[in-house]
Amino acid sequence: MAVAAEAAKLKAAGVSLMDFGAGEPHFPTPRHIKDAAIAAIEANFTRYTVVPGIPELRKAIVERHACDFGSDYAVDETVFTSGEKLALFNAIQVLVEHGDEVILPVPYWVSFKDIIQYAGGTVVYLETEEAESFRITAEAIERLITPKTKAIILNSPSNPAGNVIDEADLERIVHVAHERGIYLILDECYVYLNYESKPVSAGKFAWAKEHMIVLGSLSKTYAMTGWRAGYALGPKKVVANLSKLQSQSTSNATSFVQKGALAALAGSQQCVEEFRAEFKLLRDYIIDALKTIPEVTCTVPAGAFYVYPNVSAYIGRGGINSATELATRLLHEGHVVAVPGEAFGTSHHIRLSYPVTRETIDEGVRRMKSFLLGL
Ligand SMILES: Cc1ncc(COP(=O)(O)O)c(C=O)c1O
């Protein structure tokens with residue numbers, strides 16, 4: 001957000017920027033989803049609804065999840081929220097008490113850390129190895145568990161590095177958490193954007209349902225970031241508390257957004273496949289482009305829509321001492337928007353969000369190269 005604010009100032013001053021900052025698809029929301037919401041407005045579906053979402057939408061959430069991932073949730077085990085971020089925020093408020101520890105793999109999406117801390121929780125960082133594609137294992141998690149561990153957060157595919165936890169590792173982690181009565185909070189925002197293997201959700205391990213909160217988002221899957229549409233799936237008791245908390249903040253998510261979400265989840269899934277296919281091509285395109293910059297290395301992300309190149313070779317040159325300084329100067333001097341790794345808990349990277357045109361990738365990487373080589 002800080003980068004976006006700086007970039008907006010430059011744009012307003014007339015500077016042409018190559019923008020890899022925003023974490024959102026560049027596609028418009030599919031026609032059938034827009035039509036459903038427009039029809040809902042025209043039909044005056046514009047009043048309060050029940051807090052956890054209209055019953056047909058909750059049914060569509062659990063049916064889509066069961067169909068795609070083999071999970072087994074009942075309608076009263078899901079709540080629809082104004083964006084997945086709210087489901088995450090509420091889940092942490094409900095589960096985490098002052099002094100509780102929450103295990104968080106690095107690199108992490110920044111909101112995880114801030115939301116845990118806002119709830120009074122202590123973040124316990126799980127360091128990963130870039131050489132192992134930031135792999136997260138049950139053994140590494142086990143080593144960090146203490147009597148105060150309340151929850152573990154997993155985000156696969158991940159923002160920012162695009163690493164994916166494979167099914168075998170995921171099952172072992174679910175075992176570890178379930179056996180110890182620790183909650184697993186699974187952020188599945190990018191679950192459909194998996195380029196190397198069949199998407200997997202921890203929700204399929206129904207035997208561990210008691211200790212899992214699965215969070216889903218329509219933002220990236222259906223190009224609906226501005227609509228604010230997400231959900232949580234979890235044990236009935238926890239979901240009832242999420243709904244109770246929501247009843248004292250947003251109440252229901254916007255009525256006609258719920259109708260759009262229903263069309264997205266219950267309608268044709270062809271758009272999801274088309275988006276995925278295009279993102280995979282863009283991933284390969286940007287990875288190839290980055291290879292033209294000497295001494296920049298980049299793990300090939302297996303999912304999501306970010307690349308997380310390692311720029312450490314350039315830190316220490318031209319008066320630059322951190323990824324934040326590098327991203328700031330890249331913005332002001334190279335006119336390229338990237339997010340520094342410090343925002344995600346690492347100091348040698350920048351994050352580029354690649355749902356952009358191929359022309360933006362070409363020009364953006366050309367500018368980055370010329371800026372870095374000039375240091
Ligand atoms: C890992 C992760 N989780 C959750 C979200 C938020 O999703 P939503 O738009 O549904 O609130 C984002 C958005 O960038 C994200 O990257």
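Because the structure is a prediction, the values reported are computed rather than measured. Start at 1 and go down the list; that is how both ligands and their atoms are numbered.
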Asker: Heavy-atom cut-off of under 4.0 Å around ligand 1: list whichever protein residues fall inside it, by chain and number.
Answerer: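 Only Gly83, Glu84, Lys85, Trp109, Asn155, Asn159, Asp187, Cys189, Tyr190, Ser217, Ser219, Lys220, Arg228 have heavy atoms that fall under 4.0 Å of ligand 1, ordered by chain and number.
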Asker: Name the residue from Lys204, Lys198, Arg172 that meets the salt bridge (Lys or Arg N to Asp or Glu O under 4.0 Å) definition with Glu167.
Answerer: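 Single pass found, and it is Lys204.
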Asker: Which residue pairs pass the ring-ring contact (aromatic ring centres under 6.0 Å, His included) test with at least one member in residues 279-298, sequence neighbours excluded?
Answerer: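 Qualifying pairs, neighbours excluded: Phe27-Phe279, Phe279-Phe305.
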Asker: Only pairs at least two apart or in different chains count here, so list each salt bridge (Lys or Arg N to Asp or Glu O under 4.0 Å) that has a residue in residues 87-111.
Answerer: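 Passing the test, one end in residues 87-111: Asp100-Lys150.
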Asker: Does one side chain, of Glu130 or His349, offer a donor that lies under 3.5 Å from an acceptor on the other?
Answerer: yes
Asker: Tell me which donor-acceptor pairs under 3.5 Å the side chains of residues 41-51 have, and how far apart each pair is, sequence neighbours excluded?
Answerer:
residue, atom, partner, partner atom, Å
Thr46, OG1, Asn44, O, 3.4
Thr49, OG1, Gln258, NE2, 2.9

Asker: Would Thr225 and Glu24 count as having a side-chain donor-acceptor pair, cut-off 3.5 Å?
Answerer: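 Their side chains do contain a donor-acceptor pair, which is all the 3.5 Å distance test asks for.
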